[in-house]
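Written below as structure tokens is the structure these notes are about.
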There are 2 protein chains.
Amino acid sequence: MPKKQSGQTGAAVAALDYDVIHAGDCIEVMQSLPAESIDLIFADPPYNLQLKGELHRPDNSRVDAVDDAWDRFASFEAYDAFTRAWLTAARRLLKPDGAIWVIGSYHNVFRLGAALQDGGYWLLNDVIWRKSNPMPNFRGKRLTNAHETLIWAAKSEGSKYTFNYEAMKALNDGVQMRSDWTIPLCTGSERLKTATGEKAHPTQKPEALLHRVMVASTRPGDVVLDPFFGTGTTGAVAKRLRRRFIGIEREADYRAVAEARLAAIRPTDSEAVAVTTSKRAEPRVAFGVLVERGLLAAGETLVSMNGRHAARIRADGTLVASEVRGSIHQVGAALEGAPSCNGWTYWHFRRDGAIVPIDFLRQQIRAEMQE
Amino acid sequence: MPKKQSGQTGAAVAALDYDVIHAGDCIEVMQSLPAESIDLIFADPPYNLQLKGELHRPDNSRVDAVDDAWDRFASFEAYDAFTRAWLTAARRLLKPDGAIWVIGSYHNVFRLGAALQDGGYWLLNDVIWRKSNPMPNFRGKRLTNAHETLIWAAKSEGSKYTFNYEAMKALNDGVQMRSDWTIPLCTGSERLKTATGEKAHPTQKPEALLHRVMVASTRPGDVVLDPFFGTGTTGAVAKRLRRRFIGIEREADYRAVAEARLAAIRPTDSEAVAVTTSKRAEPRVAFGVLVERGLLAAGETLVSMNGRHAARIRADGTLVASEVRGSIHQVGAALEGAPSCNGWTYWHFRRDGAIVPIDFLRQQIRAEMQE
DNA sequence: GAGATCGCTGAATCCGCGA
DNA sequence: CTCGCGGATTCAGCGATCT
């Protein structure tokens with residue numbers, strides 16, 4: 001049951017340093033921090049992958065796998081002991097209405113989930129990060145491992161955890177946010193590299209994932225702790241969304257990369273942050289408005305995200321494809337054979353040689369509406 | 001490690017009754033069946049946890065339900081004991097190369113997964129059943145719980161489990177099947193009803209889900225056991241796909257519904273049940289046979305796929321290139337500086353001005369072998 | 001310059017038979 | 001059991017290079 005925060009705890013909280021990266025073992029550092037001082041914990045612990053030999057792609061290139069010492073454990077027992085120790089230290093830090101997110105793959109997530117339940121946390125959802133561009137299964141021996149699992153849990157059964165229902169609904173184009181999130185891997189310019197061009201961290205998470213986590217379950221000003229800070233994705237998103245963060249990271253190399261990254265982040269305009277997380281949904285924009293305003297022309301062709309489909313815009317803001325017509329969502333869903341489809345992110349248009357999602361135009365409209 | 005099946009076990013297997021539904025507690029019934037007689041187990045155990053249903057200890061005594069918050073630990077313990085007991089009985093029944101699927105939600109799946117790992121099973125994939133039409137979260141306090149999780153595991157780490165890679169790939173429109181499957185809930189006419197119009201079983205699974213499970217991981221004629229048979233979805237799909245099934249169900253009402261359901265199922269035409277085979281399953285052809293049969297001549301020159309290398313054929317079916325000699329694979333790998341090389345697709349020969357892969361000739365030989 | 005092509009890469013428990 | 005070796009196996013996205 002949630003307890004009221006004592007005055008003493010409040011004083012200790014005031015002594016907390018925010019927006020810092022602590023060096024050292026996460027369990028020891030957490031034990032040194034004041035109890036009940038944290039609103040949200042995001043934890044991306046070692047997965048204990050247990051990889052054996054090397055793996056090559058069909059073109060004979062070698063897969064650069066995670067073989068770092070920090071991911072090696074002697075046994076499930078050893079991994080469980082580690083897991084339960086850091087989860088215990090973490091729970092002490094959470095405010096009574098605080099919550100935690102942990103992420104893992106099938107190698108470790110069942111042990112994480114059981115440890116959370118055994119440790120007194122109260123599970124709220126398991127969330128599937130559905131990767132739009134996973135690495136294939138090169139030997140054809142199993143299904144393509146195309147997702148990872150996040151577990152969202154409150155500190156206790158009765159906790160009044162934060163959930164920004166309307167913000168999630170708005171993010172999902174007006175319908176309730178589901179427990180499966182389709183988000184691409186962290187690649188391209190977002191992926192941090194060393195001076196020699198290697199990836200700075202083997203398992204850097206996409207900022208879009210953390211963005212959704214924080215928009216869902218924190219408020220501006222909340223304190224977010226990441227005990228496995230790595231190169232600081234949690235801190236970067238927290239700073240941008242005007243949350244405060246505390247990172248803990250053992251490896252000096254990762255901390256250095258994170259410090260540089262964070263220094264370059266500018267917080268989002270505070271009104272934009274407030275809008276995203278308020279109970280008010282973002283102003284709804286009909287697709288037809290884009291046509292009315294001439295941002296897209298009737299007769300123009302949109303292409304699907306994957307490039308496999310195309311459709312023509314009609315003057316009333318509906319689309320026509322081969323034998324299908326309807327809203328941007330309906331046509332996308334029909335062409336993909338999917339139950340639903342967010343047309344705003346599915347459909348793209350060409351502008352100056354680039355392929356741009358139509359959601360880009362919606363954001364433009366919304367910006368105008370706020371003035 | 002897989003053990004060889006003993007003669008005694010073989011005899012006992014012959015005594016197994018197929019396509020039957022056993023009445024009774026699944027642990028007791030499983031303990032009465034012969035060891036190493038089952039190819040695949042599909043299990044949809046109680047999701048339980050808050051002990052709304054009944055729970056049994058390994059000795060089958062009924063657990064006196066306690067649902068107070070303070071006793072949550074004891075409840076998890078009881079659920080774990082039950083889980084580990086039936087998983088142990090199930091593992092004994094599996095052939096050395098057998099496998100299991102279990103399904104659960106976030107309430108129980110973490111305990112299932114950990115119990116599988118602790119029990120010696122080897123996890124192959126966790127698979128997300130992504131519901132296209134989930135029930136909304138009416139109170140808006142959490143994310144819409146839009147998926148369930150299946151775990152696919154082999155009996156042991158070294159098992160040569162069945163995976164019909166090509167069939168899955170075909171089912172997914174020519175690209176590898178991923179670990180997330182979008183399938184609607186069981187509704188409409190597929191949903192079994194009682195005489196009074198109520199649903200016959202609270203958690204009836206869609207046949208499409210079982211269809212994919214069986215096409216992925218069984219062959220025609222395989223024996224599929226379902227220890228929580230319910231209204232017989234596993235049996236229905238097994239019968240239709242010409243697999244054999246064994247069901248175990250405690251509740252007489254469910255068994256009655258399942259019996260009627262199964263009686264109406266007609267097996268699919270046996271040719272339609274055959275799945276796409278992979279190249280691995282095709283008869284092996286030595287390269288030398290092509291020379292023996294005069295499809296290629298000793299002394300003839302082969303060129304590499306990329307045109308950068310050439311090699312001469314010797315009478316014994318080996319190749320010679322500059323300073324390299326050996327099999328078609330070895331020479332290809334050496335010339336490319338690659339760890340391995342599939343000589344069948346790497347090497348090409350000239351015929352009527354065209355460049356043809358030598359694999360074309362292997363296919364000719366294989367076609368002759370089938371006659 | 002625009003479009004096509006090529007190369008690279010991502011948390012991976014990734015082969016199987018015969019000697 | 002190990003060892004040797006034949007030979008089967010990849011999707012999406014980004015960025016650089018080529019036409």
Side-chain angles (χ1 to χ4, degrees), chain A residues 44-68 70-72 76 103-109 129 131-149 184-191 193 197-199 201-206 230 305-308 350 352-355, chain B residues 1 97 117 122-126 153-154 157-158 160-161 163 165-166 169 172-179 278-282 284-287 306 317 326-330 332-333 338-347 359 362:
Chain A
D44 181 11
Y47 285 11
N48 188 23
L49 286 187
Q50 310 168 69
L51 302 180
K52 304 243 159 50
E54 290 196 332
L55 181 65
H56 292 84
R57 298 184 179 80
D59 65 4
N60 275 321
S61 62
R62 197 180 71 85
V63 174
D64 183 18
V66 177
D67 57 356
D68 305 72
W70 50 255
D71 196 47
R72 288 196 285 269
F76 282 132
I103 181 167
S105 66
Y106 70 87
H107 309 84
N108 70 324
V109 77
W129 169 25
K131 303 177 184 181
S132 56
N133 50 351
M135 179 154 55
N137 185 294
F138 296 117
R139 304 300 294 262
K141 301 305 294 180
R142 303 181 179 190
L143 300 162
T144 303
N145 192 6
H147 73 276
E148 293 186 26
T149 302
L185 293 170
C186 180
T187 60
S189 59
E190 188 188 327
R191 188 77 192 221
K193 301 281 165 49
E198 297 159 330
K199 51 191 176 191
H201 192 285
T203 70
Q204 186 184 341
K205 296 291 176 290
M305 188 166 40
N306 53 27
R308 280 204 270 267
R350 292 177 187 278
D352 299 328
I355 305 287
Chain B
M1 291 295 107
D97 294 336
Q117 290 180 310
W122 189 245
L123 302 196
L124 298 171
N125 277 117
D126 59 336
E157 179 173 353
K160 287 179 290 205
Y161 56 91
F163 178 51
Y165 173 74
E166 293 292 344
K169 191 170 170 177
N172 197 36
D173 205 31
V175 295
Q176 290 190 336
M177 182 65 79
R178 300 165 40 112
S179 55
S278 70
K279 278 189 184 173
R280 283 190 190 95
E282 293 181 45
R284 193 162 177 139
V285 176
F287 176 69
N306 52 28
S327 72
I328 53 173
H329 315 295
Q330 290 168 331
S340 71
C341 171
N342 183 344
W344 289 107
T345 52
Y346 179 77
W347 292 110
D359 198 32
R362 181 171 63 163

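Bear in mind the structure is a predicted one, so any value in this text is a computation, not a measurement. In what follows, every heavy atom counts, from backbone to side chain, and hydrogens, waters and symmetry copies are set aside. Convention: sequence-line order gives letters A, B, ...; per-chain numbering from 1.
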May I ask you to say what [X] touches in the nucleic acid, namely base, sugar-phosphate or nothing, with a heavy-atom cut-off under 4.0 Å?
X	value
A/V109	nothing
B/L124	nothing
A/P45	base

Go through the N and O atoms of the side chain of [X] and the base of [N], and report whether any donor-acceptor pair is under 3.5 Å.
X	N	answer
A/R142	C/dT13	yes
B/S340	D/dA8	yes
A/K141	D/dA8	no

Rounding to an integer number of Å, can you tell me how far A/K131 NZ sits from C/dT9 C1'? 13 Å

Within this structure, what is the NZ-to-P distance between B/K279 and D/dT9, rounded to whole angstrom? 6 Å

What stem regions, each of at least 3 consecutive Watson-Crick or G-U pairs below 3.5 Å, can be found for DNA chain D? C:2-10 with D:11-19, C:15-19 with D:2-6

Would you call B/D173 and A/R308 a salt bridge, taking side-chain N to carboxylate O under 4.0 Å as the test? no

Is the backbone N or O of B/S340 less than 3.5 Å from a side-chain atom of A/N60, with the two atoms forming a donor-acceptor pair by type? yes

Hits for side-chain contact (heavy atoms from CB on, under 4.5 Å) against B/R284, two or more places apart or cross-chain, chain-then-number order -> none

Polar pairs (N or O, both sides) under 3.5 Å between protein and nucleotides 15-19 of chain D?
none

Just jot down the ring pair (Phe, Tyr, Trp, His ring centres under 6.0 Å) partners of A/H201, sequence neighbours excluded, or say none. A/W70, A/Y254

Ring pair (Phe, Tyr, Trp, His ring centres under 6.0 Å) partners of B/Y161, counting only residues at least two apart: B/W152

Distance check, rounded to the nearest 0.5 Å: A/M135 atom CE versus A/N133 atom CG? 11.0 Å

Quick one: is D/dG6 close enough that its OP1 or OP2 comes under 4.0 Å of any side-chain N or O from B/H329? no

Show the distances under 3.5 angstrom between N or O atoms of the protein and N or O atoms of nucleotides 10-13 of chain D.
unit_1, atom_1, unit_2, atom_2, d
D/dT10, OP1, B/Y165, OH, 2.5
D/dT10, OP1, B/K169, NZ, 2.6
D/dC11, OP1, B/Q176, N, 2.9
D/dC11, O2, A/P134, O, 3.4

